[in-house]
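These notes are about the structure you will find just below.
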Number of protein chains: 2
Amino acid sequence: MMKLPGKTVERLSEYRRTLLECLNEKRNFIFSHDLAARLHITAVQVRRDLMLIGYSSVLRKGYDVRELIDTIGKIIDSEESMNVAVIGIGNLGRAVAGYFKGKRSKLNLVASFDNDPQKVNRVISGVKCYPYTDIERMIKELDIRIAILTVPPDFAREITEEAVRFGIKGILNFTTIPLNVPSGVYLEEYDMITSIEKVAYFVKENKI
Amino acid sequence: MMKLPGKTVERLSEYRRTLLECLNEKRNFIFSHDLAARLHITAVQVRRDLMLIGYSSVLRKGYDVRELIDTIGKIIDSEESMNVAVIGIGNLGRAVAGYFKGKRSKLNLVASFDNDPQKVNRVISGVKCYPYTDIERMIKELDIRIAILTVPPDFAREITEEAVRFGIKGILNFTTIPLNVPSGVYLEEYDMITSIEKVAYFVKENKI
DNA sequence: TGATTATTGTTAAATTATTAACATTGGTTT
DNA sequence: AAACCAATGTTAATAATTTAACAATAATCA
């Protein structure tokens with residue numbers, strides 16, 4: 001399977017979540033245009049993405065929900081499950097942990113890190129919190145591959161550098177500090193303030 | 001000024017944040033390639049974005065940091081400040097409030113909403129929390145234009161419908177539920193799980 | 001069964017976003 | 001002051017992404 005466009009990968013994740021909702025509703029089949037409508041995209045987009053992953057439905061009665069969930073899983077999940085840690089277990093870290101915990105069978109949140117003595121060695125939002133000084137040991141011991149970075153900005157660079165040195169291969173950076181990572185490490189950055197300012201801009205433009 | 005591409009707006013927000021950091025460091029001028037390097041993009045991208053907003057530096061000694069901050073503000077900020085509310089003041093809501101409070105002179109976080117009796121009528125992360133039943137009154141009383149939606153998924157649709165009915169013009173949706181909004185309301189959605197799965201996918205692809 | 005409809009997979013076109021190329025211009029150096 | 005350099009603004013080229021178009025095919029129905 002050739003490497004998929006990032007946008008397609010994002011949508012595959014969204015498709016799967018929507019399909020899981022369908023299962024809850026006891027819907028076993030769904031048309032491309034239904035799936036599209038739920039996500040506010042076009043049916044063509046859906047069909048094209050599924051084409052890219054080589055999926056096609058035998059029937060003309062919509063996609064088999066279970067089957068498609070499996071197919072997407074085969075594409076975006078790894079064979080064995082991958083371990084994830086949240087670094088910085090403040091409000092945002094706890095929010096992420098809460099959203100995440102137990103949701104994905106192939107991605108396990110196995111640890112959090114913080115240096116607040118009130119948090120260290122306690123279970124917070126379902127994950128044990130370790131001190132920053134244990135990062136090396138725990139990354140290796142628990143085979144952690146992905147770090148979700150929710151530390152205060154001042155710590156971001158240093159902790160990233162460490163995490164990468166000790167074997168982290170993917171980082172989701174929620175801090176306001178743009179990070180540098182060596183090639184071979186995948187970095188995804190998200191900044192809330194930017195999103196809010198974007199909303200504000202388009203609201204303003206509508207008005208004027 | 002014609003409507004800018006969404007991506008450019010996002011980057012303008014990032015430029016400004018970076019420029020504000022420059023001011024802290026007492027740097028009063030910055031080259032396009034320096035600004036680009038800090039954000040891990042190319043200098044051409046920077047110059048092109050600035051071209052789009054009609055900014056040009058007189059000097060060849062880099063951009064005047066203060067001037068550029070002002071110029072960007074004129075583009076992405078509204079004339080008078082805009083009021084924002086966080087709906088759902090759980091971990092994520094508090095995180096957003098914390099990141100946001102007092103950071104932007106033209107965007108004021110003026111209220112939060114929740115229906116947890118422990119939270120209602122208290123000040124949380126710097127903002128007063130009101131019950132959901134007060135949404136109509138407070139949107140009108142405080143002239144709230146933008147809502148940041150961090151409620152549990154089950155509430156998302158209903159609350160959005162209300163918020164829009166009572167005058168909200170922009171929504172930043174952090175819930176896992178895709179929303180429908182009427183035209184004239186700007187919607188930006190962000191889903192953490194999708195981001196994490198994307199990271200996992202690209203980590204996996206590197207390995208194999 | 002044959003015609004019709006609905007839905008799909010896929011190629012082609014259009015749009016959007018990024019990168020490259022380069023002429024221009026102020027500053028610097030000799 | 002002439003030659004050079006560094007950085008910019010802008011046009012053109014490339015790449016990525018989305019949308020349109022449409023042939024193919026299973027299901028439905030007269």
Side-chain angles (χ1 to χ4, degrees), chain A residues 1-15 18-19 22 27-65 67-68 71-72 75 178 188-189 194 198 201-202 205, chain B residues 1-15 18-19 22 27-65 67-68 71-72 75 178 188-189 194 198 201-202 205:
Chain A
M1 168 71 48
M2 108 211 130
K3 208 173 102 177
L4 299 168
K7 290 291 179 72
T8 295
V9 174
E10 287 175 19
R11 283 190 298 264
L12 288 172
S13 163
E14 287 161 8
Y15 297 158
T18 307
L19 292 165
C22 289
R27 271 175 148 282
N28 292 313
F29 292 91
I30 191 168
F31 293 126
S32 59
H33 56 262
D34 282 343
L35 184 50
R38 289 183 182 228
L39 291 164
H40 310 123
I41 59 176
T42 68
V44 188
Q45 186 80 266
V46 171
R47 299 205 302 271
R48 216 175 180 299
D49 286 333
L50 298 189
M51 190 195 88
L52 286 177
I53 64 171
Y55 179 77
S56 78
S57 71
V58 186
L59 315 165
R60 304 287 125 162
K61 269 302 181 188
Y63 301 109
D64 181 316
V65 174
E67 195 177 274
L68 187 47
T71 305
I72 293 175
I75 302 292
E188 174 85 12
E189 311 208 271
T194 292
K198 188 180 174 192
Y201 170 78
F202 285 109
E205 288 305 292
Chain B
M1 169 70 46
M2 108 210 131
K3 208 173 103 176
L4 299 168
K7 291 290 178 72
T8 295
V9 175
E10 288 175 18
R11 283 189 297 263
L12 288 173
S13 163
E14 288 161 7
Y15 297 157
T18 307
L19 292 165
C22 289
R27 269 176 149 282
N28 292 313
F29 292 92
I30 190 168
F31 294 127
S32 59
H33 57 264
D34 283 343
L35 184 49
R38 289 184 182 227
L39 292 164
H40 310 122
I41 59 176
T42 67
V44 187
Q45 186 81 266
V46 171
R47 299 205 302 269
R48 215 175 182 298
D49 286 332
L50 298 188
M51 190 195 88
L52 286 178
I53 66 172
Y55 178 77
S56 78
S57 72
V58 186
L59 315 166
R60 305 286 126 161
K61 271 302 182 185
Y63 301 109
D64 182 314
V65 174
E67 196 178 275
L68 186 46
T71 306
I72 292 175
I75 303 291
E188 174 87 10
E189 312 208 89
T194 292
K198 187 179 174 192
Y201 171 78
F202 284 109
E205 289 305 292

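Because only heavy atoms are used, hydrogens play no part in the values below, and waters and symmetry mates are left out as well, while side chains stay in. Lettering of chains follows the sequences in order, A, B, ..., and the numbering in each one begins at 1.
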Write down the distance between CD (Glu10(B)) and C1' (dA17(C)), rounded to a whole number of angstrom. 12 Å

Spell out protein contact along nucleotides 23-30 of chain C as letters: B when the base is contacted, S when just the sugar-phosphate is, - when no protein heavy atom is under 4.0 Å; keep the 5' to 3' order. ---S-S--

Protein-to-nucleotide contact annotation, 5' to 3' order, nucleotides 14-20 of chain D [B base; S sugar-phosphate only; - none; under 4.0 Å, heavy atom]: ---SSBB

Checking all strands, does Tyr63(A) fall into the base, sugar-phosphate, or nothing category for heavy-atom contacts under 4.0 angstrom? sugar-phosphate

Between Val9(B) and Lys198(A), what is the shortest heavy-atom contact and its length? CG1-CA, 4.0 Å

In whole angstroms, the gap separating P of dA7(D) from OH of Tyr55(B) amounts to 16 Å

Counting heavy atoms from C-beta on, name the nucleotide in dT11(C), dT7(C), dT8(D) closest to the side chain of Phe31(A). dT7(C)

Between CD of Glu14(B) and CD of Glu189(A), what distance do you get to the nearest 0.5 Å? 8.0 Å

What's the verdict on side-chain contact (heavy atoms from CB on, under 4.5 Å) for Leu39(B) and Gln45(B), showing C-alpha distance, side-chain angles and the deciding distance? CA-CA 11 Å; Leu39(B) 292 164; Gln45(B) 186 81 266; over 6 Å; no

Whether the side chain of Tyr201(B) engages the backbone of Leu4(A) through a donor-acceptor N/O pair (distance < 3.5 Å, no angle test) should be reported. yes

Walk me through it: do Ile30(B) and Arg38(B) pass the test side-chain contact (heavy atoms from CB on, under 4.5 Å)? CA-CA 11 Å; Ile30(B) 190 168; Arg38(B) 289 184 182 227; 4.1 Å; yes

Could you work out, with salt bridge (charged side-chain N to carboxylate O under 4.0 Å, His left out) as the rule, every residue matching Arg11(A), not counting sequence neighbours? Asp49(A)

Could you walk me through whether Leu50(A) and Leu68(A) pass side-chain contact (heavy atoms from CB on, under 4.5 Å), step by step? CA-CA 9 Å; Leu50(A) 298 189; Leu68(A) 187 47; 3.9 Å; yes

What is the separation between atom CE on Met51(B) and atom C1' on dA20(C), rounded to the nearest whole Å? 14 Å

Nearest-Å distance for atom pair CZ/C1', residues Arg47(A) and dA6(C): 11 Å

Could you tell me how far apart Phe29(A) (CZ) and dA27(D) (P) are, to the nearest whole angstrom? 11 Å

Does a side-chain N or O of Ser32(B) approach OP1 or OP2 of dT8(D) to a distance below 4.0 Å, or not? yes

Could you give the distance from OG (Ser32(B)) to CD1 (Ile41(B)), rounded to the nearest 0.5 Å? 10.0 Å

Round to a whole Å and report the spacing from CD1 of Ile53(B) to P of dG9(D). 11 Å

Which of Tyr15(B), Tyr55(B), Phe29(B) passes ring-ring contact (aromatic ring centres under 6.0 Å, His included) with Tyr63(B)? It is Tyr55(B)

